[in-house]
Each structure stands twice: as structure tokens, then as C-alpha cells.
2 protein chains.
Amino acid sequence: MTNKKISIKDIAKALGISITTVSFIINGKSKEKRISESMTKLVEDYVAKVGYRPNHLAQSLRSGKSKVIVFMVEDISNSFFSNIARLIEEKAYRNGYKIIYCSTENDTEKAIELITTFKNRNVDGFIITPTLGLESEIKSLISENFGVILFDRWIPSLECSHVIVENEKSCYDGTEHLILNGCKRIAFVTVESNQTQMKDRLSGYQKAIVVHGYRPLVFEEPFHTPSEAFVGDQIMDFLHMHKDIDAVFFATNYLAFEGLQAFRKMGKQIPEDYQVLSFDDHFFFGLYQPSISAIAQPIELIAERLMEGILHQLSDLEAIQNNKVVLPNKFIQRKSTFRIE
Amino acid sequence: MTNKKISIKDIAKALGISITTVSFIINGKSKEKRISESMTKLVEDYVAKVGYRPNHLAQSLRSGKSKVIVFMVEDISNSFFSNIARLIEEKAYRNGYKIIYCSTENDTEKAIELITTFKNRNVDGFIITPTLGLESEIKSLISENFGVILFDRWIPSLECSHVIVENEKSCYDGTEHLILNGCKRIAFVTVESNQTQMKDRLSGYQKAIVVHGYRPLVFEEPFHTPSEAFVGDQIMDFLHMHKDIDAVFFATNYLAFEGLQAFRKMGKQIPEDYQVLSFDDHFFFGLYQPSISAIAQPIELIAERLMEGILHQLSDLEAIQNNKVVLPNKFIQRKSTFRIE
DNA sequence: TTGAAAGCGGTACCAT
DNA sequence: ATGGTACCGCTTTCAA
């Protein structure tokens, strides 16, 4: 293993030719540059023999491109994000790109710091679940010609490509499903947030409720508290305060998990006491007894559109930086919701 | 926003001084190099004013160090790995390091390709869940002075630092727990694998069974099949074939999820028909009804030891590259296992 | 058809 | 105390 880092220079010296020639051949420009076949073969064979690997750092420094895309999400340990991460990664590799992941924890400061760091490493593009405070940062990314594409939520005041789902429509439909099932008092459990996806989900619920002549009943988790048990207790208090609730619609799956725990502590039965529906499917919902109806986001499609979008931007710098993709969700009917006869 | 990428050269020119001086000051070597205070202040103020950011790529190219650590796991969408990822990332940032994640899918080919790629990007270290085929690749990483630390499993024939858990002991204890509970016919459900962690778990089970005078009964998932439903069916067949089974010990949580589905399809009750225990806790186990007893790995500690280990290696190249850390797990008693009176 | 050489943005050695 | 400069490994223009 005398793997003493072979450089393009070493090759040139060993073969008694110039660096330029080696570079051209390595980069598959033999034809274009009209290098003789014999020379090409000579170099290619030698490269293969010594196992030469280009130093990507140097390539990036020189070319300004790194073939790296940053995948910056709220929390990489959240299954929704890590599943997309996995799919993105796969697609990226197939296209010669690497992915760097990082979690912002919805902390604008941290996000800005991360973006700055990666800009200084010449990454080519960013896939981001933005916080509102990121607007100007993202704007400058775009003006500096980085690829940028948002997902999960977006920033209305910003012209920037994104891939999101039909939050409002699906929540409208989900609420209506509960209403048509015969539920009279449907509570919506969400987190206090001014992010578009959460606002849209809430608004979908509210519209459906009002259209059908009912009154909205919303519980908002004050902040994204890390102490989960606490949230469960709050939900429990909320349910105690409103004895007439007959259905609960959760805006995210982790809220639903809290809720399920609360129901259990209270000795409540699903779906007899409460019909339950959650946004954002999770494989546990199928396993739980009773299984929980949910609105599933098209993870595979999201990943696909994201990669398509960013690769397009990266291959064509004149690409429209304002390609808005909105994908439909899928309602998954399980045992926690049913038509009351 | 005239952010036209300011370089150290621009600063030198603007201030009419040399690049060297600027570099020294930026790197906090004013004192050491005895730069005058006035000059230092001049430069520092200018740097702050124009918002200069060093190009990490160029730094890396020159210094050979990048302050990047690769976190290469089997599957980043697996909650065990993504939770550790999250913790690692946090610790890394606190120490000025960035983390690059990637999934090997237990594919040695892919892993080697990834390692090669990252070597060519001058990353400083690797945290890896290795496959056996990676032995020589890892050996050469070590000889090339990269920081390397394995976790989850290790390679016995290789001298390399690692952080693992007491797989054998915990599975021995877990099995004994079931035996002491009064179970007579305990099945062990695992995957066919020659990775150390899986072998150790199996062996812990077998030893306890034999010590107590019973016969082992093992179901091995033939391969890591992606079609999960299939696995559940196989488990079901297995259970049908052995009517006397009264407890099932799952070697991983995803196998347990399959098993739970199988139990449900078969109309079996936990813990009346089967006592159930799973290696590798999951928050869902606490939520499921009945809640499932599990052996929890100390995620937080694992992340901590990993970072300590690799940072130590990176700060001191003479560090012993053979620091083996073995952490204890925690048995979590829930409703799926109980002492038969 | 091939080669020389100028950088990319830094670091660090050696002068002065 | 400061500055000049070679160099990290590669791309790319221009010349031969």
C-alpha cells in the first residue's frame, strides 16, 4: 500500500508529458482537444494502474464548483426529514453530487451560520426548510447564483423555487371527512408557528369547520417545547376543558403521538370517544391499535422534485428561480375514523 | 449587497500592506508574530467592515485539514442512527467541526466509493458502522492518518478504536429475564448477519438458554429484504410451526415491529400468548398497547464517546488508535414481559 | 497535437 | 515588525 497520494503532476512527470495533457485526458476531453489515441491510452492505462484519484478540493478551488448540495432541515432525526434525506442522497449520488446534511432546529441564527460556512466551502446548492428570518439570507444566496430550493414550507415574500404539499386542501378534506363521519365537535391540535405549512393546515381546518356551520376549536402548543411529556399534559388539560370534543385532528405526527399518550392516560377509547386523524403519516399509525387515519405526504415525489429542481438550477444558471411545485397528499383511512351510523 | 467575494489579497491591496500580515492577523497570530497593535486593529476593523470570510477550501487545500468529519452509517433514516447523528452534529459544531452524513446501506462497494470520495476532499476523520468487507479500506485510512472510529459493530481482526454496547451481556440478561418470568420456550428473531453486534446478541441469547437447560430456537431473516411485509409473513410461518413458543426476543426494533404486526394478524395477545422483548428501544414501544419491554442503548453516551474519541485522535496524531469503548445498555421493563405467578 | 504558465485563496518559510 | 514568494492540485487560456 504505497498510496502516497498521486497527483496529476506525478503522472505527467512519470510519463514525461505535460500536466495539461494529463488533465485533458482525465477529464475525457481527448476528442475535443484532439489528443492522439496512443497518448490517451498511455495516460488512461497509467491512471488506472496507479489508482489516481483527483483531489476534489483543488478542483473546487479552481472551478468554483464542488458537486456538493447542502440539505438543511429543521431536524435530521425527524423521520419525515431523514426519510427524504435518504432518498435525496440516493438521487444525488446517481448524478455525481454529494449531500451534506445539517439541522437548523428552526434556529435562524444557527441556520445563517451554517449557510455562511457552506458558502465558504463552495457548495453548489442548498435545499432548505426555511425559517421566516432566513429571507434575506436566501435572497443573497440566489443573487450569488447558488442553487436554492425550499421545501416543507416557503417564504411568501420571496421569489424562490420550492416543493411543498397541499396543506390547506388536505386539512380541509380531512376535517370534512370527520364532519361527514358525524363528528360535531372537532378539535385541531397544532403548534404555534407562523410557518406557512402550519398556517395552511390550520386554515384548511378552519375553513371546513366554518363552511359546515361549526365553531373551530384549536389547541396551540405554545412553543416547540422539548419536554414532550409536558405537551401531552397540556393536551390532556385541553380535552378536559372541552368535554364535548368527539374528534381530534393533529397537525403533525409527533403531536398525535403526544395525544395518543394523553388519551391512554385518560382511559379514552379510539374511535369511540374520539375519532383521530393526523397530518403526516408514520408507519406506527398502521401498527398502533387501533390504527390511526392519516394524511400522507408523498415523500418519494418530494425528494424527486427537489433533486430535479436543484439539478436543473445547477445545470442551467439562467433557470427560472421561481418554480413552485405543490404536490397532493394521500388520505389513508384506518380504524381511528369511521362513519357513525 | 456588493458581496463580491473578498479575498485576503483584496484586503492587503486595499490597505496597502502584504498578504502575509493580513493572514497572520486574521489567524490571531498578531502577538506571536509581533504585529503592531495599530496594524492589527486596522486590519481587524477592515475585515469586520467588509465582512471577509476565509475560503475554507483554499485553507484545506493548503493545510491538508478540513475540519470535516464523515458520519457513515448503515442507513441515516433509521432512528437509531439519525438520533446519534443529531447528537454528534451538535457536539461537532461546538468544536468547530462539520459533519457529513451518508448511508452505506451495508453495501461494501458503496462504502468504499464513499470513503474514496471523502479522502479526496481532505476530510479529517470518519465515524463508521463498518461492514466486514471494509477491513482493508479502514486499515489504509488509519495508516494514512485519518481519524477513524467505528461504532455499533466492529471488526475483530482490526486494530481500530470503536464505541459499542454490551450486546451479548444485555441479550443474556434479557433472555434470563424471560426465563425467570417463567417462559419455557423463548424464540429469538434476528437477521442473518455476520456483523459483530448481531452475532453477539444471538450468542447472549443462546448462552442464557443453554445455561438454564433449554433449547435455543432461532429465526433468522435470510437477508436484509426491503419488502418488509414479507418478513412479517415469515415470522408468522415460523410461529405457526412452533406452537409451544411462549416468548419472542427480537434482535432489533424493526424486527419487533414486523413481529407485532404478525401477532396482530394471528390474533395473538401480548403478553398472554407471547411475552415480547426487543433489543434497541424505540419511543413507539412505550406508546404501543401493551407497551413493549426493551433494551435501550445509551444513545447520548455513544455520541459523546464517539466525538471524544475522534477529536482526541484528530488533536493528537500519536493517539492510540485502539481505544475500545463498551457501554452498558439499560433494560426497560414494560407491560409485554411479566413474572408469571 | 501538446505544453507552459497563470491563477483559484490561502499558509508558512525565509528575508529584510 | 512586515513583506516576498513558493506551493497545495487542478483547470484553462494561449502559444508553439
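In what follows, chains are A, B, ... by sequence order, proteins preceding strands, each numbered from 1.
- Side-chain N or O atoms of B:S60 include one that pairs as donor or acceptor with a backbone N or O of B:K65 at under 3.5 Å.
- Side-chain atoms of A:Q59 never come within 3.5 Å of backbone atoms of A:P54 as a donor-acceptor pair (strictly under, hydrogens ignored).
- Residues B:S79 and B:S82 bring no donor and acceptor atom of their side chains to less than 3.5 Å of each other.
- Checking each of B:T196, B:V163, B:I128 against B:W154 for a side-chain contact (heavy atoms from CB on, under 4.5 Å) leaves exactly one that passes, namely B:T196.
- Non-hydrogen atoms lying under 4.0 Å from DNA chain C are contributed by A:K33, A:R34, A:I35, A:S36, A:M39, all within residues 31-39 of chain A.
- Distance CD/A:Q197 to CZ/A:R153: 4.5 Å, rounded to 0.5 Å.
- In summary, the side chains of A:S18 and A:T21 do present a donor paired with an acceptor at a separation below 3.5 Å, with no hydrogens or angles considered.
- Remark: P of C:dG9 and CD1 of B:I11 are 12 Å apart, rounded to the nearest angstrom.
- Of the side-chain N and O atoms in B:N55, none sit less than 4.0 angstrom from OP1 or OP2 of C:dC8.
- Proximity of the aromatic rings of A:F71 and A:F151 is defined here by a centroid distance below 6.0 angstrom, and this criterion is met.
- Checked by atom type and distance alone, the side chain of A:D124 pairs as donor or acceptor with a backbone atom of A:K67 at under 3.5 Å.
- Not one N or O on the side chain of A:R86 forms a donor-acceptor pair closer than 3.5 Å with the backbone of B:I76.
- Both B:K29 and B:L61 sit near DNA chain C, but only B:L61 has its closest nucleotide nearer the 5' end.
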**Request:** Show your working on side chain to side chain donor-acceptor pair (under 3.5 Å) between A:S103 and B:E89 and close with a plain yes or no.
**Result:** CA-CA 8 Å; A:S103 311; B:E89 185 183 348; 3.3 Å; yes
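- Residue A:T21 places at least one side-chain N or O under 4.0 Å from the OP1 or OP2 atom of C:dG3.
- Taking the 5' to 3' direction, DNA chain D first and last meets chain A under 4.0 angstrom from a heavy atom at D:dC8 to D:dT13.
- No hydrogens or angles considered: a donor-acceptor pair under 3.5 Å links the side chains of B:E135 and B:S157.
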Hey, what are the protein-to-nucleotides 4-7 of chain C N/O distances that come in under 3.5 Å?
residue: C:dA4; atom: N7; partner: A:T20; partner atom: OG1; Å: 3.1
residue: C:dA4; atom: N6; partner: A:T20; partner atom: OG1; Å: 2.6
residue: C:dA5; atom: N6; partner: A:T20; partner atom: OG1; Å: 3.4
residue: C:dG7; atom: N2; partner: A:R62; partner atom: NE; Å: 3.4
residue: C:dG7; atom: N2; partner: A:R62; partner atom: NH1; Å: 2.8
residue: C:dG7; atom: N3; partner: A:R62; partner atom: NH1; Å: 2.8

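- Distances shorter than 4.0 Å separate some side-chain N or O of B:Q59 from OP1 or OP2 on C:dT11.
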